[in-house]
Amino acid sequence: MMQQPQPGVAAPPPQAVPGAPPHWGGVPPPMPAQHQYAPPPTQQQAPPPPQMWGHQAPPPTHQAAYGQAPPPPHQAAYGQAPPPPQAGYYGAPPAPAPVAPAPVGPSEVRTLWIGDLQYWMDEGYIYGCFAATGEVQSVKLIRDKHTGQLQGYGFVEFVTRAAAERVLQTYNGTMMPNVELPFRLNWATAGEKRDDSPDYTIFVGDLAADVTDYVLQETFRVHYPSVKGAKVVTDKLTMRTKGYGFVKFGDPNEQARAMTEMNGMLCSSRPMRIGPAANKKATGVQEKGEE
DNA sequence: GTTGAGCGA
């Protein structure tokens, strides 16, 4: 079941301006008067879709009328779900990134953090992503205080904590509408304690252009069951791969083995070059001499 | 192209 694109949802720009300078000088943001985006009061009636396979959905519209709240989701076109367009490589279902458990303590947490947003994804687009749930309280995207440029992350508040948790479980890792990007969601205010389980990461270079997170992950997972995930680094603006990525292991022994065993092995068409990951988060392999 | 990335007021 996928939701139909609705008017009021921002559509991607006709093209991503490949040669644009890093500060998007030619694309000034609309700059609404206020950045808080609150939907009209609605009843929670439309159930959230079990999954979103909007991977290859074409851009439906060119208009972006998000200066006002979109209509309530009184109708949701469910019924015909296209088959999963990906998963052609290894047959295993794509594993969404592990989601941290709900933060303990006050059960008032009803806000999700959302990241990895593109510059054109404004409040209207984000609201439209979850409009079918009918449970969005507000959407707030963070902008640069001086330039007003979107910072690529924001917060989505839901009417209840349960609604937020449902969305987190249902949407995280699935494809966002009209783009080939997965949702990246987490509990808000989980900033200081979102990394409790150590992971062991390796650097993988020399990746071919068609290697995705999933391909990279499964390349290793078939040999090392402790693989927790993989990330192919892409340019934020052009979405093109930079030819390298990272694979996270849960088992340091498998990490060490993979460093030698998988070096030079083929990934989709090219031999990989494996090296140690320069972890910024002090996970797994620590720098020697420190305590 | 060769070491990502994620918390507001």
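Keep in mind that this is a model prediction, so the values were computed, not measured. Side chains are part of it too, since the values below use all heavy atoms of this structure and drop only hydrogens, waters and symmetry mates. The sequence lines fix the lettering, A, B, ..., with proteins before strands; numbering per chain opens at 1.
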*asked:* Whole angstroms only, please: what is the CZ-C1' distance between A/F246 and B/dT3?
replied: 4 Å
*Looking for any heavy atom pair under 4.0 Å, which part of the strands does A/D235 touch: base, sugar-phosphate only, or nothing?*
base
*Tell me whether the centres of the aromatic rings in A/Y224 and A/Y200 are closer together than 6.0 Å.*
no
_Side-chain N or O of A/K145 closer than 4.0 Å to phosphate OP1/OP2 of B/dA9_ = yes
_Within the 4.0 Å heavy-atom criterion, would you say A/F203 contacts the bases, only the backbone, or no part of the nucleic acid?_
base
*Can you tell me if A/Q255 uses its side chain to pair, donor with acceptor, with the backbone of A/T201 under 3.5 Å?*
yes
_Rounded interatomic separation in angstrom, taking CZ from A/F183 and C1' from B/dA5_ = 19 Å
_Minimum-distance nucleotide (side-chain atoms of A/Y153 versus B/dG4, B/dT3, B/dG8)_ = B/dG8
*Which part of the nucleic acid, if any, lies within reach of A/T234 when heavy atoms closer than 4.0 Å are counted: base, sugar-phosphate only, or nothing?*
nothing
_Rounded distance in Å - CD1 (A/I126) to P (B/dG8)_ = 18 Å
*What's the verdict on salt bridge (charged side-chain N to carboxylate O under 4.0 Å, His left out) for A/E123 and A/R143, showing C-alpha distance, side-chain angles and the deciding distance?*
CA-CA 11 Å; A/E123 284 84 355; A/R143 297 167 189 267; 2.8 Å; yes
*Among B/dA9, B/dG6, B/dG1, which nucleotide sits nearest the side chain of A/W113?*
B/dG6
_Bracket notation of DNA chain B in which parentheses pair within the strand, [ ] cross earlier pairs, and | pairs with another strand (Watson-Crick or G-U, under 3.5 Å)_ = .........
*Rounding to a whole Å, what distance do you find between A/D213:CG and B/dG4:P?*
15 Å
*Output the distance between atom CH2 (A/W187) and atom CG (A/L168), rounded to the nearest 0.5 Å.*
6.0 Å
*Which residues pass the ring-ring contact (aromatic ring centres under 6.0 Å, His included) test with A/F203, sequence neighbours left out?*
A/Y244, A/F246
_A/A278 side-chain proximity, nearest of B/dG1, B/dA9, B/dT3_ = B/dT3
*Between A/Y244 and B/dG1, do the rings stack, that is, sit under 5.5 Å apart with planes less than 30° off each other?*
no
*Validation row: A/V247, A/T219 side chains within 4.5 angstrom (heavy atoms)*: no
_Atom-pair distance (CG on A/L181; C1' on B/dA5), nearest Å_ = 14 Å
*A/A188 has a side chain; which of B/dG4, B/dG8, B/dG6 sits nearest to it?*
B/dG8
*Ignoring hydrogens and angles, tell me if any N or O in the side chain of A/T260 forms a donor-acceptor pair with the backbone of A/R257 under 3.5 Å.*
yes
*Answer yes or no as to whether B/dG8 has its base stacked against A/F155, where stacking requires a ring-centre separation under 5.5 angstrom and planes under 30 degrees apart.*
yes
_If you assign each of A/G205 and A/K236 to its closest nucleotide in DNA chain B, which residue comes earlier from the 5' end?_
A/G205
_Spacing of A/I114 atom CD1 and A/K140 atom NZ [to the nearest 0.5 Å]_ = 15.0 Å
_Nearest-angstrom distance from the residue atom CZ of A/R270 to P of B/dG1_ = 9 Å
*asked:* Distance check needed: B/dT3 C1' versus A/L207 CG, whole Å only.
replied: 12 Å
*For the pair made of CG in A/L117 and P in B/dG8, what is the distance, rounded to whole Å?*
15 Å
